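Shown next, in structure tokens, is the structure this report addresses.
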Amino acid sequence: MKLKTKDLLTLNELGNAELVEIIDNAIKMKKDLKKGISKPLLKNKTLAMIFQKPSTRTRVSFETGMFQLGGHALNLSADELQLKRGETIEDTSKTLSRYVDLILARVYSHDEIELLAKNSSIPVMNGLSDSFHPCQTLADLMTIQEKKKKLAGLKLAWIGDGNNVCNSMIYGCAKTGIEISIATPKGYEPNPNVVKESSKLTDVKLSNHPETAVRGADVVVTDTFVSIHHQTTDRTNDFLPHFQVNSSLMKKASPSAIFMHCLPAKRGQEVTSEVIDGPQSVIWDEAENRLHAQKALMVALLRV
Ligand code: CP
Ligand code: NVA
């Protein structure tokens with residue numbers, strides 16, 4: 001499989017068919033792994049992982065994925081690189097390009113990952129910026145495909161903050177034909193350019209009404225009210241109690257609706273324990289699928 005893009009920074013870089021192919025490959029790799037089959041497709045390849053912010057899932061799933069593919073992953077805390085002492089992103093990117101085959105970076109500002117990608121001769125993957133989280137969307141779409149056996153024609157409701165995870169999710173829905181209805185408090189809407197662009201491909205509805213957004217939804221998704229890059233926790237009051245996913249809100253979705261959350265979650269805030277730990281929740285499969293989706297992504301980016 002040959003992707004047109006060198007990098008994955010937002011999810012918008014992928015063509016519709018490319019995205020579906022990555023998801024299908026991820027599902028196949030997952031089935032193979034469960035049967036004990038793991039092909040060393042990235043033998044002798046090295047992934048450099050730069051983390052400016054904490055991570056559990058992204059770091060562990062990328063490192064494990066690289067190991068399972070026969071490659072090697074280097075975990076580089078931004079604090080331990082010369083970046084900390086003022087070396088530029090441009091120079092860091094050019095240096096890493098001479099040693100490794102692939103870069104994953106979790107950054108505060110999306111501009112920084114754009115700069116990293118612009119100056120690298122190797123693929124760069126966004127492991128979360130203040131604006132996008134494309135690797136999460138790959139795993140989320142894979143999970144939806146597994147649970148619902150299709151993507152096109154489904155209805156997804158996003159409740160809460162129109163944040164980085166939401167922006168990539170909008171692109172993902174648009175490219176796979178999922179209708180997305182987003183309910184946020186006023187002032188917390190997703191990126192308007194993402195909404196505008198995606199509206200050409202699918203129905204993207206924005207409102208301030210969670211009950212309306214979840215009506216008939218096959219998938220209900222939320223995320224923390226306070227993302228890592230926010231300096232304040234005062235935001236919580238703008239969301240509660242109206243934008244919490246609880247049992248009464250879930251009852252308004254389709255009876256077979258699944259609940260998703262990228263994690264980490266704050267129980268009692270964006271979601272109640274009853275929902276996130278309840279029978280409709282698929283969060284552990286969703287977290288696991290980071291591993292499989294990213295393996296398929298790395299293989300696609302390295303064109304092997
Ligand atoms: N969902 C996600 O990206 O989790 P981490 O912050 O633990 O990597
Ligand atoms: N929106 C969250 C996602 C964490 C994986 C954040 O940016 O902190």
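We count residues from 1, following the sequence as given. Atoms within each ligand, like the ligands themselves, are counted from 1 in listed order. Since we're looking at a predicted model, the values are computed, not measured.
- If you look at Tyr188 and Phe239, their ring centroids are closer than 6.0 Å.
- One distance of note links OG of Ser77 with CZ of Arg59; it measures 10.0 Å at 0.5 Å rounding.
- Close N/O approach between Asn163 and ligand 2 is found [any backbone or side-chain N/O within under 3.5 Å].
- Considering only non-hydrogen protein atoms, atom 2 (C) of ligand 1 sits nearest to Arg290 NH1, 3.3 Å.
- Between Ile228 and ligand 1, no pair of N/O atoms sits closer than 3.5 Å.
- Ion pairing between Asp203 and Lys155 fails under the 4.0 Å rule for side-chain N and carboxylate O.
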Next item on the list: Could you walk me through whether Glu146 and Lys30 pass salt bridge (Lys or Arg N to Asp or Glu O under 4.0 Å), step by step?
Entry: CA-CA 11 Å; Glu146 281 181 334; Lys30 179 175 179 175; 3.0 Å; yes

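- Remark: ligand 1 and Pro264 share no N or O pair separated by less than 3.5 Å (distance only, no angle test).
- Checking Glu197 against Asn12 by side-chain atom types alone, a donor-acceptor pair falls below 3.5 Å.
- Below 3.5 Å of separation, one finds no N or O of Thr224 facing any N or O of ligand 2.
- In the vicinity of His133, heavy-atom distances shorter than 4.0 Å reach the ligand 1 atoms 2 (C), 3 (O).
- For the pair Arg59 and ligand 1, the shortest N or O to N or O distance does not fall below 3.5 Å.
- Of the protein's heavy atoms, Asn164 ND2, 2.8 Å lies nearest to atom 7 (O) of ligand 2.
- Using a 4.0 Å cut-off between charged nitrogen and carboxylate oxygen, Glu90 and Lys118 do not count as a salt-bridge pair.
- Between Ile228 and ligand 2, an N or O atom pair is found at a separation short of 3.5 Å.
- In Thr58, neither the side chain nor the backbone holds a heavy atom less than 4.0 Å from any atom of ligand 2.
- Atom numbering of ligand 2 starts at 1 in the shown order; those under 4.0 Å from a heavy atom of Leu128 are 7 (O).
- The ligand atoms of ligand 2 that sit less than 4.0 angstrom from a heavy atom of Leu263 are 5 (C).
- Checking each of Glu288, Gln294, Lys295 against Ser61 for a side-chain hydrogen bond (donor to acceptor under 3.5 Å, both in side chains) leaves exactly one that passes, namely Gln294.
- The distance from atom CG of Leu302 to atom CG of Asp101, rounded to the nearest 0.5 Å, is 6.5 Å.
- The shortest N/O to N/O separation between Asp223 and ligand 2 falls below 3.5 Å.
- Among all protein heavy atoms, the one lying closest to atom 6 (O) of ligand 1 is Arg106 NH1, 2.8 Å.
- Transitive grouping of hydrophobic side chains (ILVMFWY, heavy atoms separated by less than 4.5 Å) brings Leu151 and Ile22 into a common cluster.
- The shell of residues lying under 4.0 angstrom from ligand 1, judged by heavy atoms, excludes Lys53.
- Every atom of ligand 1 with a heavy atom of Thr56 under 4.0 Å away is listed here by number and element: 5 (P), 7 (O), 8 (O).
- Within the 4.0 Å heavy-atom criterion, neither part of Leu128 lies near ligand 1.
- Looking from atom 4 (O) of ligand 1 to the surrounding protein, the closest heavy atom is Arg57 NE, 2.9 Å.
- Within the structure, the closest approach of Val226 to ligand 2 does not fall below 4.0 Å when heavy atoms are considered.
- The pair Lys186-Asp238 fails the salt-bridge criterion, with no side-chain N (NZ, NE, NH1 or NH2) lying under 4.0 Å from an Asp/Glu carboxylate O.
- Ligand-side atoms of ligand 1 in range of Cys262: 1 (N), range being under 4.0 angstrom from any heavy atom.
- With hydrophobic clusters built from ILVMFWY side chains whose heavy atoms lie under 4.5 angstrom apart, Leu8 does not share a cluster with Leu96.
- Between Lys28 and Asp24 there is no salt bridge, since no side-chain nitrogen of the basic residue lies less than 4.0 Å from a carboxylate oxygen of the acidic one.
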